[in-house]
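As the structure lists them, so they are numbered: ligands from 1, and atoms in each ligand from 1.
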Amino acid sequence: MKCWDPRMEEMPKEDLQTMQYKLLKSLVYRLYSFSPFYHDRMKEHKVHPDDIRELADVKKLPFMFKRDLRDNYPNKIFTATQDDLVRYHVSSGTTGKPTVVGYTQNDLDLWTASLARALTSIGLGRGDVIQVSYGYGLFTGGLGMHYGAERIGATVLPTSVGNTERQIELMQDLGATAIACTPSYLLHIGEVAEKMGVDIKKDTKLRVGILGAEPWTDGMRTRIENWLGIKAYDIYGTSELSGPMFTECAEQKGFHIWSDIALVEVIDPKTGEQLEAGEKGELTITMLQKEALPMIRFRIGDISVVEDAVCPCGRTHPRVQRIQGRVDDMLIIRGINVFPSQVEYALMAIPEVGQHFQIIVERKGALDDMLVRVELNRESFSDRIPALMQVQQKVEHRLRNSLNVNANVELVEPGSLPRFEGKSKKVIDKRSL
Ligand code: DLL
């Protein structure tokens, strides 16, 4: 196993925890003393920096929410002066005001170091050509990956999103060995390549996908890997933490959260109680070293499980399993909780089904009605009606079993559902329109 920063990545757990405690303590003192926002928040919750006597005391600290950033738009809670800010990113958000994230040079360096470790852990380095097909600009995906890839000495091909045919030509001509984009965009790239007569498996040097910014499942991973002949790794982050920061290592068993950078907790989203390692709940992260926009116990809203055992790769930092959904993505259908990722999980186990689906929810009379529109793969679509009806029943049966709620299923032609260059939008909830 190759590490970017072996001393840090393989540090014994006890030492990591001691380091986290020291970083937490000094962060809390700094914010209490110099930031009116954090000072007032701590006072309101009757907690003083002196109350933080061990790492476990983190749970005494108040939570932060996305709305804290919105309420303080654009930069009222920044803890760096304009002179020290070197960059902004802005996340569009689906509701209300956008959130603005500011960075000092140290913030950018730490973000880049996080990605340098992550990219090294999936076997990338000098000699690789990394095609960055996340959007460049206000979104953190493009520029974040760009600097991480340069830091490890790889060659960056900064294609950003869009102009897909050109992306494929450049991938071939410049010998891209890795591509960083959303899983949805890679599916689209794969389809466009097929239309162009390019077989990504044979006609390109692509061997790695760095895929994230939206939920996807292991079933989808297997399909992408088999179809395109690459290894597909999950990458995670949010703009409030900096941007994309954490990937799975070569084991492909959850992404490593670097303990010197971030303190991860899982909490019960309803009660706010801290949960044990291995229990499923809402990810909550404290960024231990950020300067311009520190985040203490930031409630991200993503649902997952943290594993604290040392990884077989040798890294001692905890791993977070694949994100299962967002607290606010959860659909309640006739009282049953349904995550879009459960639908994907069920569908990807059916060989006749293609990679694309759409969920449409509406209220019919007093009842919720869920329609899942499912693209078939090409071979199955050409089958005759009785065969198609069998597939339809199979899909309905499978969805009912895994969701515990009835879904109507409409099988549709390959290529007929919308394609996405960035984050996909798989759910149309007409109840909330
Ligand atoms: O999506 C940062 C990013 C860029 C991550 C490129 C990975 C790659 P935001 O736009 O602020 O930042 O959105 C963050 O996207 O809270 C999750 O709900 C979701 N998300 C990000 N990565 C994953 C992933 C970027 N690997 C929000 N799996 C997060 C599931 C993800 N959801």
Is there any N or O on [X] that sits under 3.5 Å from an N or O of ligand 1?
X    : result
I235 : yes
G243 : no
S239 : yes
Y134 : no
Y236 : no
D302 : yes

Exercise. Quick one: which of E240, K423, M145 has a heavy atom closest to atom 9 (P) of ligand 1?
Worked result: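 Considering heavy atoms of E240, K423, M145, the nearest to atom 9 (P) of ligand 1 sits in K423.
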CG of L157 to CD1 of I130, rounded to nearest 0.5 Å, is 10.5 Å
Output for pair (T286 OG1, L27 CG), nearest 0.5 Å, gives 7.5 Å
Please determine if R70 forms a cation-pi arrangement with Y73, meaning its NZ or CZ atom is less than 6.0 Å from the six-membered ring centre and no more than 45° off the ring axis. no
- Task: Taking the six-membered ring of F63 (Phe, Tyr or Trp), confirm whether the NZ or CZ of R299 is under 6.0 Å from its centre and within 45° of its axis.
- Result: yes
* To do: For F255 and ligand 1, answer yes if some heavy atom of the residue is under 4.0 Å from a ligand atom, otherwise no.
  => no
Next on the checklist: With a cutoff of 4.0 Å, is S91 in contact with ligand 1, counting heavy atoms of the residue only?
Outcome noted: no
Going by the 4.0 angstrom heavy-atom rule, the piece of T140 near ligand 1 is side chain
TODO: Report the part of T238 (side chain from C-beta onward, or backbone N, CA, C, O) that has a heavy atom under 4.0 Å from ligand 1; answer both or neither where that applies.
DONE: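 Both backbone and side chain.
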- Item | Any L108 side-chain heavy atom under 4.5 Å of R87 side chain | yes
Distance-only side-chain donor-acceptor flag, T99 / S91, under 3.5 Å:
yes
